[in-house]
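Written out below as structure tokens is the structure these notes cover.
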Amino acid sequence: MNGSWNYILRRLLYLIPVLLGVCLLIFVLFNLVAPDPAALLLGKHATPEQILEVRQNLGLTKPLYEQYFDVVKSAFTFDFGRSWKTKQSITTMIRLRAIPSLTVSLPAFVFSTILSILFALLVAYYRGKGIDLFVRVSCIAMMSISSLAYILFFQWFFAYKMEWFEILGYEPGFPSVLPFISLPIIIWVILSLGPDIRFYRTVILDEIYQDYVRTAKAKGLSDRKVLLKHVLRNAMIPILTYTVIQLPFLLLGALLLESFFSIPGLGDMTIEALNESDFPVLKAMAILSAVAYVTFTLIQDILYTWVDPRVKLN
């Protein structure tokens with residue numbers, strides 16, 4: 001137990017230089033490589049005096065090391081300042097926008113993961129047969145179609161023609177929100193099934209051809225019992241890796257889905273910030289994504305011991 005806590009403590013300390021490096025990269029991209037924000041905000045007819053005044057108001061005239069420290073500080077305190085466009089607190093904007101994003105992304109992620117694993121188990125059980133070929137071809141076909149095509153077709157057919165769902169908008173509260181989020185969730189699940197099923201199928205098949213499976217069958221265990229009790233358990237580490245690593249990106253929401261369905265989530269906020277050159281919001285989303293990614297990487301390593309007791313945190 002002490003070894004596990006020591007490992008967790010070391011990993012937490014390891015996150016500090018990682019975040020410092022990420023903050024440095026974000027600082028370089030937004031403060032040194034990107035165009036002058038003051039010139040973007042004022043337009044091409046701005047005078048040098050106006051640009052200088054805006055740069056001072058935005059804190060862009062401070063020494064570079066102070067500007068970098070501001071980025072680092074925001075990563076550890078989650079105080080991202082205010083939006084250049086709306087003048088609102090970015091932390092408050094993120095908190096309010098995260099709820100609509102998670103309302104769509106979380107159930108879509110859960111449904112797509114469960115369905116993908118079930119389909120992967122099915123095709124692995126009937127590997128080499130007609131259903132396996134059909135599912136694999138279907139996955140490739142689904143992946144070959146643009147996500148934009150799915151969005152436009154589903155909006156036109158199921159929302160406009162059939163009138164089963166709302167085309168645009170968002171209404172908080174259950175069950176009022178269901179007509180607005182159901183179609184985006186369905187599209188998200190369909191877009192995820194292709195790559196997820198192919199990955200999980202490959203992982204499960206890698207385990208099926210291991211020696212312990214032949215040993216279990218030699219002892220008289222049925223194929224179904226071997227698949228569910230032994231193969232799935234041993235395949236959980238790569239499945240867990242693939243699943244947990246996707247969780248940080250749920251915070252960002254779905255850029256296209258939120259934009260086309262007018263869902264006021266983080267994805268929609270990010271697109272608005274891109275269109276309006278609202279650098280503080282974009283910087284905040286980049287920092288938030290980095291912090292979430294390294295945090296869930298640590299959680300992923302800890303969960304390994306729960307899935308497979310053979311894995312030790314040393």
Side-chain angles (χ1 to χ4, degrees), residues 74 77-116 147-148 150-193 243-244 246-293 295-296 299:
S74 64
T77 63
F78 294 101
D79 181 6
F80 302 107
R82 293 187 175 274
S83 165
W84 288 349
K85 204 70 179 178
T86 65
K87 310 303 179 185
Q88 288 180 291
S89 167
I90 297 175
T91 304
T92 302
M93 292 172 62
I94 290 174
R95 186 175 66 252
L96 295 176
R97 298 270 195 149
I99 296 174
S101 285
L102 291 175
T103 303
V104 175
S105 62
L106 200 56
F109 175 75
V110 172
F111 290 145
S112 63
T113 301
I114 293 174
L115 287 175
S116 298
S147 57
L148 184 60
Y150 281 107
I151 294 172
L152 294 176
F153 174 76
F154 276 61
Q155 275 189 323
W156 172 77
F157 185 76
F158 292 106
Y160 176 69
K161 286 290 186 181
M162 305 300 293
E163 298 183 352
W164 289 353
F165 309 99
E166 296 290 341
I167 298 179
L168 300 171
Y170 180 85
E171 187 173 335
F174 186 85
S176 303
V177 72
L178 289 179
F180 297 95
I181 66 171
S182 297
L183 191 56
I185 289 175
I186 292 171
I187 295 173
W188 183 310
V189 171
I190 291 175
L191 290 171
S192 303
L193 283 179
T243 303
V244 174
Q246 296 181 67
L247 292 177
F249 302 104
L250 299 183
L251 297 173
L252 288 174
L255 299 179
L256 282 178
L257 284 174
E258 291 183 11
S259 179
F260 274 86
F261 285 93
S262 296
I263 297 174
L266 294 176
D268 184 60
M269 184 182 76
T270 304
I271 289 183
E272 289 178 0
L274 279 170
N275 293 333
E276 297 168 354
S277 300
D278 198 344
F279 284 8
V281 174
L282 296 175
K283 195 185 301 183
M285 294 306 298
I287 294 171
L288 186 65
S289 302
V291 172
Y293 185 84
T295 302
F296 276 97
I299 295 173

Does the side chain of E166 reach to within under 4.5 Å of the side chain of L183, using non-hydrogen atoms? no

With a 4.5 Å heavy-atom cut-off, do P280 and F80 have their side chains touching? no

Determine, for R97 against E258, whether the closest basic-nitrogen to carboxylate-oxygen distance falls under 4.0 angstrom. no

Test your reading of the model: is there a side-chain donor-acceptor pair from T91 to the backbone of F78, 3.5 Å cut-off? yes

CD1 on I186 to CG on L191, rounded to 0.5 Å: 12.0 Å

Under 3.5 Å: donor-acceptor pair, side chain of Q246, backbone of F109: no

Can you name the ring pair (Phe, Tyr, Trp, His ring centres under 6.0 Å) partners of F111, sequence neighbours left out? none

How many angstroms lie between CD1 in I90 and CE in M285, if you round to the nearest 0.5 Å? 10.5 Å

Can you tell which of S116, P184, S112 makes a side chain to side chain contact (heavy atoms under 4.5 Å, CB included) with V189? S112

Taken to the nearest 0.5 Å, the spacing of S262 OG from I167 CD1 works out to 10.5 Å

S176 side chain vs P172 backbone, donor-acceptor pair below 3.5 Å: no

When rounded to the nearest 0.5 angstrom, what distance separates CG in L257 from OG in S147? 7.5 Å

Using a 4.5 Å cut-off on heavy atoms from C-beta on, say whether the side chain of R95 contacts that of T92. yes

Starting at CD1 of I94, measure out to OG1 of T270 and round the result to the nearest 0.5 Å. 8.5 Å

Please report the closest heavy-atom contact between S259 and D268, naming both atoms and the distance. CA-OD1, 4.0 Å

Take the angle between the ring planes of F158 and W164 and call it parallel below 30°, perpendicular above 60°, tilted in between. tilted

For S101 and G265, work out which heavy atoms get closest and say how close. OG-CA, 3.2 Å

Minimum-distance pair of heavy atoms, taken over all atoms of S105 and W188: CB-CH2, 3.4 Å

Between V281 and M93, which heavy-atom pair has the shortest distance, and what is it? CG2-CE, 4.4 Å

Is L282 close to L274 at the side-chain level, that is, under 4.5 Å between some pair of heavy atoms? yes

So which heavy atom on P179 is nearest to which on F165, and how close? O-CB, 3.8 Å

Heavy-atom pair of closest approach, residues P107 and I185: CG-CD1, 3.7 Å

For the residue pair I187 and F261, establish whether any side-chain heavy-atom pair is separated by less than 4.5 Å. yes

Around F154, counting heavy atoms of other residues, nucleotides and ligands shown, do more than 12 lie under 6.0 Å from its CZ? yes

Report the distance from atom CG of L266 to atom CG of L288, rounding to the nearest 0.5 Å. 7.5 Å

Heavy-atom neighbours of Y160 OH exceed 12 at 6.0 Å: no

